[in-house]
2 protein chains.
Amino acid sequence: MPTTSDFERMLRAASLRVTRPRIAVLHAVHASPHADTDSILGAVRTDLGEVSHQAVYDVLRALTNAGLLRRIQPAGYVARYESRVGDNHHHVICRSCGVIADADCAVGHAPCLSASDSHGFVIDEAEVIYWGTCPDCTTTTTASS
Amino acid sequence: MPTTSDFERMLRAASLRVTRPRIAVLHAVHASPHADTDSILGAVRTDLGEVSHQAVYDVLRALTNAGLLRRIQPAGYVARYESRVGDNHHHVICRSCGVIADADCAVGHAPCLSASDSHGFVIDEAEVIYWGTCPDCTTTTTASS
DNA sequence: TCCCTTATCTTGAATGAGTCAAGTATTTTT
DNA sequence: AAAAATACTTGACTCATTCAAGATAAGGGA
């Protein structure tokens, strides 16, 4: 778990000003990966007291643009953020409860980056979402039958 | 391109009532794959005259649940619908103009379905979105420099 | 063919994540 | 320490989508 001064260094390295909301957002996302904006806002307020929701939206956008955070937005869900950036990992999402887990692609370093026919597109990212049922929900469903 | 009576058969096969809005929505989506709800509503109204937007939302949901349409909702975009269902094709999306093209996965029949560690999830679908730049946008950008 | 049941459509309001805009405060530079 | 630039606060607003209640139309049985 990075410390506050680690976060400071990360912000400066990205040419971003060091502010309390930004540090708090970084703390929050590192502490709970795949958190949505509202949870992050809650964590930031617990940490700092009153902070505007707009500030958190701004911070999340700035940090995402800077590459310090990654935004994921599965169909039907609100945006979520994670601190694991720079690799090409993917996500497994439970259709039942919405929980998200990380997944490295079986193919390895460049998963699925070559579509058989990319229609002349220049592809820069392959986003993979595995939809399924998490262990908890699988157990619950099975038990009730 | 399927005909109206093809659509009727498809609806009956899915135990859905045959109504004018449903036929019109099927026509619209078959005519322009990856259309969003608003475009579909426009096409339906051109076809039938006034139809409530709620009706189109209801129809799209019913047809999607019945497996006659597939809903795709890339991050940052509104929902879109396509009539190509039952295979496991994926999508290439232009970050610049938002245009969507179909893509079959290079791996073949079950693309990326095996994450290296699925954390105990029972996975039923692997959704792949290739992000990039379409030929038109690539040309425009290059030409302007 | 008519009627009944039920699914579907209409109308109109509401929800809620996210954005816009103008002004104030804070950080960084000089 | 002052200036310049960036970030935060406040409050209104957008817009895709959903909710709810009543009206209408489709399909099956008599």
Side-chain angles (χ1 to χ4, degrees), chain A residues 4-5 7-28 34-45 47-66 68-69 71-81 98, chain B residues 4-5 7-26 28-29 34-45 47-66 68-69 71-81 98:
Chain A
T4 297
S5 38
F7 291 140
E8 279 196 37
R9 274 189 288 278
M10 293 164 66
L11 287 169
R12 292 191 200 284
S15 305
L16 291 174
R17 293 189 176 173
V18 177
T19 67
R20 294 166 63 70
R22 285 178 177 171
I23 299 292
V25 165
L26 283 170
H27 268 296
H34 314 129
D36 60 28
T37 308
D38 208 53
S39 309
I40 295 169
L41 177 57
V44 168
R45 284 183 173 161
D47 193 357
L48 301 182
E50 190 59 26
V51 174
S52 69
H53 79 134
Q54 186 61 51
V56 171
Y57 274 100
D58 286 348
V59 167
L60 287 170
R61 177 181 304 178
L63 298 185
T64 301
N65 289 342
L68 297 185
L69 293 182
R71 177 188 176 126
I72 53 185
Q73 193 176 15
Y77 290 91
V78 300
R80 304 183 186 210
Y81 295 85
Chain B
T4 296
S5 38
F7 291 141
E8 278 195 38
R9 272 188 290 277
M10 292 163 66
L11 287 170
R12 292 191 200 284
S15 307
L16 290 174
R17 291 188 179 175
V18 177
T19 66
R20 294 166 63 70
R22 285 179 177 169
I23 298 292
V25 165
L26 283 170
V29 176
H34 314 131
D36 60 29
T37 307
D38 208 53
S39 310
I40 296 168
L41 177 58
V44 169
R45 284 182 173 162
D47 194 356
L48 302 182
E50 191 58 25
V51 174
S52 70
H53 79 134
Q54 187 60 51
V56 171
Y57 274 98
D58 286 349
V59 167
L60 287 171
R61 177 180 304 178
L63 298 185
T64 301
N65 289 342
L68 298 185
L69 294 182
R71 177 191 177 123
I72 52 184
Q73 193 177 16
Y77 291 91
V78 299
R80 304 180 187 214
Y81 295 85

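Per chain, numbering begins at 1; letters A, B, ... match sequence-line order. Values in this document were obtained by computation on a predicted structure and should not be read as measured data.
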Within this structure, what is the [atom1]-to-[atom2] distance between [X] and [N], rounded to whole angstrom?
{"X": "B/Leu60", "N": "D/dA16", "atom1": "CG", "atom2": "C1'", "answer": "13 Å"}
{"X": "B/Leu26", "N": "C/dT8", "atom1": "CG", "atom2": "P", "answer": "13 Å"}
{"X": "B/Glu50", "N": "C/dG12", "atom1": "CD", "atom2": "P", "answer": "11 Å"}
{"X": "B/Asp36", "N": "D/dT17", "atom1": "CG", "atom2": "C1'", "answer": "13 Å"}
{"X": "B/Asp38", "N": "D/dA16", "atom1": "CG", "atom2": "P", "answer": "6 Å"}
{"X": "A/Leu41", "N": "C/dA17", "atom1": "CG", "atom2": "P", "answer": "11 Å"}
{"X": "B/Tyr77", "N": "D/dT17", "atom1": "OH", "atom2": "P", "answer": "15 Å"}
{"X": "B/Asn65", "N": "C/dA7", "atom1": "CG", "atom2": "C1'", "answer": "15 Å"}

Give each protein N/O atom lying under 3.5 Å from an N/O atom of nucleotides 27-29 of chain C, with the pair distance.
unit_1 : atom_1 : unit_2  : atom_2 : d
C/dT27 : O2     : A/Arg17 : NH1    : 3.0
C/dT27 : O2     : A/Arg17 : NH2    : 3.4
C/dT28 : OP1    : A/Arg12 : NH1    : 3.3
C/dT28 : OP1    : A/Val18 : N      : 3.0

| message | Let's go through B/Ile72 and B/His34 carefully: what are the C-alpha distance in whole Å and the side-chain angles of both, what is the deciding distance for side-chain contact (heavy atoms from CB on, under 4.5 Å) to 0.1 Å, and is it a yes or a no? | response | CA-CA 8 Å; B/Ile72 52 184; B/His34 314 131; 3.9 Å; yes
Below 3.5 Å is the cut-off: list the nitrogen or oxygen pairs between protein and nucleotides 19-22 of chain D, distance only.
unit_1 : atom_1 : unit_2  : atom_2 : d
D/dC19 : N4     : B/Gln54 : OE1    : 2.4

With respect to the side chain of [X], which nucleotide from [options] is positioned closest?
{"X": "B/Val51", "options": "C/dG18, D/dT17, C/dT10", "value": "C/dT10"}
{"X": "B/Asp58", "options": "C/dT10, D/dC8, D/dT18", "value": "C/dT10"}
{"X": "A/Arg22", "options": "D/dC8, D/dA7, D/dT18", "value": "D/dA7"}
{"X": "B/Gln73", "options": "C/dT19, D/dT17, C/dT10", "value": "D/dT17"}

| said: Any side-chain to backbone donor/acceptor pair from B/Arg22 onto B/Arg17? Under 3.5 Å, distance only. | reply: yes
| Is a donor on one side and an acceptor on the other found under 3.5 Å between the side chain of A/Gln73 and the backbone of B/Gly76? | yes
| task | Determine the contact category for A/Ala62: base if any of its heavy atoms lies under 4.0 Å from a base atom, sugar-phosphate if only primed atoms, P, OP1 or OP2 are that close, otherwise nothing. | result |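 It contacts nothing in the nucleic acid.
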Going by the rule side chain to side chain donor-acceptor pair (under 3.5 Å), which residues pair with [X] if we only count those two or more places apart in sequence or in a different chain?
{"X": "A/Asp36", "result": "A/Ser39"}
{"X": "A/Asp47", "result": "none"}
{"X": "B/Arg20", "result": "none"}

Return the minimal non-hydrogen interatomic distance between [X] and [Y], and the atom names on each side.
{"X": "B/Ala24", "Y": "B/Leu48", "answer": "CB-CD1, 3.8 Å"}
{"X": "B/Ala55", "Y": "B/Val51", "answer": "CB-CG1, 4.0 Å"}
{"X": "B/Pro21", "Y": "B/Val59", "answer": "CB-CG2, 4.3 Å"}

| said: Determine whether A/Thr19 and A/Leu11 satisfy the following criterion, side-chain contact (heavy atoms from CB on, under 4.5 Å), listing intermediate values before the conclusion. | reply: CA-CA 9 Å; A/Thr19 67; A/Leu11 287 169; over 6 Å; no
| request: Have a look at the helix from C/dT1-D/dA30 to C/dT30-D/dA1 and give the angle its two end axes make, five pairs each, rounded to 10 degrees. | output: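 The angle, to the nearest 10 degrees, is 30°.
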| query | For the atom pair CD1 (A/Ile40) and CG (A/Leu69), what is the distance rounded to the nearest 0.5 Å? | reply | 7.5 Å
| query | Atom CD of A/Glu8 and atom CG of A/Leu16: how far apart are they, to the nearest 0.5 Å? | reply | 13.0 Å
